[in-house]
Amino acid sequence: QVQLVESGGGLVQAGGSSRLSCAASGRTFSTYIMGWFRQAPGKEREFVAVISWSGGRTYYADSVKGRFTISRDNAKNTVYLRMNSLKPEDTAVYYCAAREGTVVADIVDGYDYWGQGTQVTVSS
């Protein structure tokens with residue numbers, strides 16, 4: 001079992017930047033594939049980014065590619081999401097998630113553990 005706690009959300013102006021953090025506790029963090037998802041009001045939860053155990057592989061949704069960067073620090077049991085050039089359509093609750101196994105995934109059902117989410121609001 002792993003527990004995930006996100007932080008770093010808030011109100012940001014369009015064009016600005018923000019960094020989300022997700023601290024993990026419990027079983028060995030470095031054995032989990034970590035992902036970020038988001039859910040806007042009235043919409044389904046959607047994939048944002050995923051990172052492999054070592055951090056050597058990353059994948060992004062097309063909507064954030066080139067603007068967002070996922071990274072991890074296994075020594076600190078933390079995964080990050082750096083968000084640049086934010087747009088109003090990036091407004092959502094952002095969730096980090098942990099996946100057991102070796103294959104990265106971009107679907108909600110592919111993850112075993114979830115954080116409680118952190119709100120990111122981008123004003124125009």
Side-chain angles (χ1 to χ4, degrees):
Q1 186 101 13
V2 62
Q3 292 78 43
L4 305 172
V5 179
E6 302 96 336
S7 61
L11 178 64
V12 185
Q13 286 191 331
S17 298
S18 184
R19 189 180 79 162
L20 305 182
S21 300
C22 174
S25 60
R27 291 180 58 187
T28 306
F29 174 74
S30 61
T31 66
Y32 287 94
I33 291 167
M34 298 299 298
W36 284 98
F37 288 76
R38 67 186 181 185
Q39 188 166 18
K43 295 188 177 181
E44 293 186 351
R45 193 169 299 188
E46 65 176 7
F47 168 75
V48 174
V50 60
I51 189 166
S52 62
W53 296 347
S54 66
R57 289 180 294 151
T58 57
Y59 299 95
Y60 299 91
D62 288 342
S63 59
V64 306
K65 200 172 295 183
R67 300 188 298 122
F68 290 13
T69 302
I70 188 171
S71 61
R72 66 190 296 163
D73 185 337
N74 287 341
K76 295 182 178 180
N77 285 5
T78 302
V79 62
Y80 304 97
L81 185 68
R82 177 68 179 180
M83 305 182 293
N84 295 328
S85 303
L86 282 161
K87 305 175 182 179
E89 51 263 43
D90 294 318
T91 295
V93 176
Y94 283 72
Y95 298 89
C96 73
R99 168 178 168 81
E100 297 175 331
T102 60
V103 179
V104 296
D106 62 359
I107 58 174
V108 171
D109 289 347
Y111 287 78
D112 304 291
Y113 305 101
W114 292 84
Q116 83 288 348
T118 186
Q119 176 71 46
V120 174
T121 302
V122 184
S123 63
S124 57

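For clarity, every value in this text was computed on a predicted model and none was experimentally measured. The first residue of the sequence shown is numbered 1, and numbering continues consecutively from there.
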Practice task
Indicate the atoms forming the closest heavy-atom contact of Val122 with Thr91, along with that distance.
Solution key: N-OG1, 2.9 Å

Problem - Backbone N/O of Thr31 and side chain of Trp53: donor-acceptor pair under 3.5 Å - result: yes

Practice task
Could you pull out the closest heavy-atom pair between Glu100 and Asp112, with the gap in Å?
Solution key: N-OD2, 2.9 Å

Handout entry: Backbone of Leu4 reached by a side-chain donor or acceptor of Trp114 within 3.5 Å
Key = no

Practice task
Taking ring pair (Phe, Tyr, Trp, His ring centres under 6.0 Å) as the test, write out the residues that go with Tyr111, two or more places apart.
Solution key: Phe37

Completion exercise
So the side-chain hydrogen bond (donor to acceptor under 3.5 Å, both in side chains) pairs with at least one residue in residues 65-75 (sequence neighbours excluded) are Asp62-Lys65, Arg67-Asp90, Arg72-Asn74

Handout entry: Donor-acceptor contact below 3.5 Å, side chain Glu6 vs main chain Gln116
Key = yes

Practice task
Hey, can you tell me if Tyr32 and Tyr113 have their rings parallel, tilted or perpendicular (30° and 60° cut-offs)?
Solution key: perpendicular

Handout entry: Nearest non-hydrogen partners of Thr102 and Ile33, listed with the distance
Key = C-CD1, 3.6 Å

Fill in the blank from the handout: The complete set of disulfide (SG to SG under 2.5 Å) pairs with one or both residues in residues 32-121, sequence neighbours excluded, reads Cys22-Cys96

Completion exercise
Residues at least two apart in sequence or cross-chain that pass salt bridge (charged side-chain N to carboxylate O under 4.0 Å, His left out) with Glu46, listed by chain then number, are Arg38

Exercise for the section: Check whether any side-chain N or O of Thr118 sits under 3.5 Å from a backbone N or O of Gly9 as a donor-acceptor pair, and report yes or no. Expected result: yes

Fill in the blank from the handout: Taken in chain and number order and not counting sequence neighbours, the residues that satisfy side-chain contact (heavy atoms from CB on, under 4.5 Å) with Ser21 are Ser7, Arg19, Thr78, Tyr80

Fill in the blank from the handout: Here the disulfide (SG to SG under 2.5 Å) pairs for residues 41-86, sequence neighbours left out, are none

Problem - Nearest non-hydrogen partners of Tyr94 and Leu81, listed with the distance - result: CD2-CD2, 4.1 Å

Exercise for the section: Would you check, one step at a time, whether the test side chain to side chain contact (heavy atoms under 4.5 Å, CB included) holds for Tyr59 with Asp106? Expected result: CA-CA 9 Å; Tyr59 299 95; Asp106 62 359; over 6 Å; no

Exercise for the section: Taking atom CD of Glu89 as the centre, report whether more than 12 heavy atoms of other residues, nucleotides or ligands fall under 6.0 Å from it. Expected result: yes

